[in-house]
Amino acid sequence: MAAMRRLLTDDACVACGAPRVGMLTLCAPCRRSLVRVPDETAAAAAAPWPELASVTGLWLMEDGSAARALVHALKYRSMPLSGIPIGERLARLPVPASLRGCPVVPVPLHRVRERERGYNQALYLARGLVSAGGGGAPIEALERVRADPSSTHLARVERAAGRSHVFLARLELPSGPVLLVDDVFTTGSTAASAARALLAAGATEVHAVVVGLTPARRRALG
Ligand SMILES: [Zn+2]
């Protein structure tokens, strides 16, 4: 499998090109440059979205940051397996004890996009997260029925109607909390839309866990 060969043989840091060791695709200095998401930034990201019980992010996605390069490589450089060690780091984030063992659902791509890319990066993140927690497999509970991200206007219409036009649930979920896994949280409209579909399918709370959170000023801009 080309993607497997690539992860194992491409030992250059995806951010700066320096030699690297270890499973994370960054060299040691770039790893050290990663900035953890402050609690207040995560809380501010969740605040506009009542559908999301919480948002937990790993690293700030500043322009030019190693975090951005890491996520870019995961999504666009045919390096799906690089999502596993990142997902394992997601498992170390502090989440309430009540969420341990709850269903882990990756945000899906539209099938056309997934066919182009060859994989859904969020599924690999979810696999890493689940494996580090000793659980079973992620649950692919959602289908993305619209390729485009929802506009702000449409997001408002959806929220008013209490439903999602971007995602459909493929199965019923047990009553209880769900962890929703994605690579990046920008405005939150994608996560909130996915959360609406999960809530409609039986989940009682949706907690978003993401690798990269864009700083608040970027969210404010758009
Ligand atoms: Zn580097």
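Keep in mind it's a predicted model, so treat the numbers as computed, not measured. Order of listing sets the numbers, starting from 1, for every ligand and every atom in it.
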Taking all non-hydrogen atoms of both residues into account, name the closest pair between R68 and T214 and its distance.
NH2-CG2, 4.0 Å

Ignoring hydrogens and geometry beyond distance, is a side-chain donor-acceptor pair present between E114 and N120 at under 3.5 Å?
no

Name all residues meeting the side-chain hydrogen bond (donor to acceptor under 3.5 Å, both in side chains) criterion together with T56; count only those two or more places apart in sequence or in a different chain, and write none if there are none.
none

Pick from L34, V210, L90: which one makes a side chain to side chain contact (heavy atoms under 4.5 Å, CB included) with L58?
L90

Step by step, would you call V166 with R144 a side-chain contact (heavy atoms from CB on, under 4.5 Å)?
CA-CA 6 Å; V166 182; R144 192 167 190 141; 3.9 Å; yes

Close side-chain approach of F167 and R146, heavy atoms under 4.5 Å:
no

Near the Zn ion (ligand 1) (under 2.8 Å) - protein N, O or S atoms:
C13 SG, C16 SG, C27 SG, C30 SG

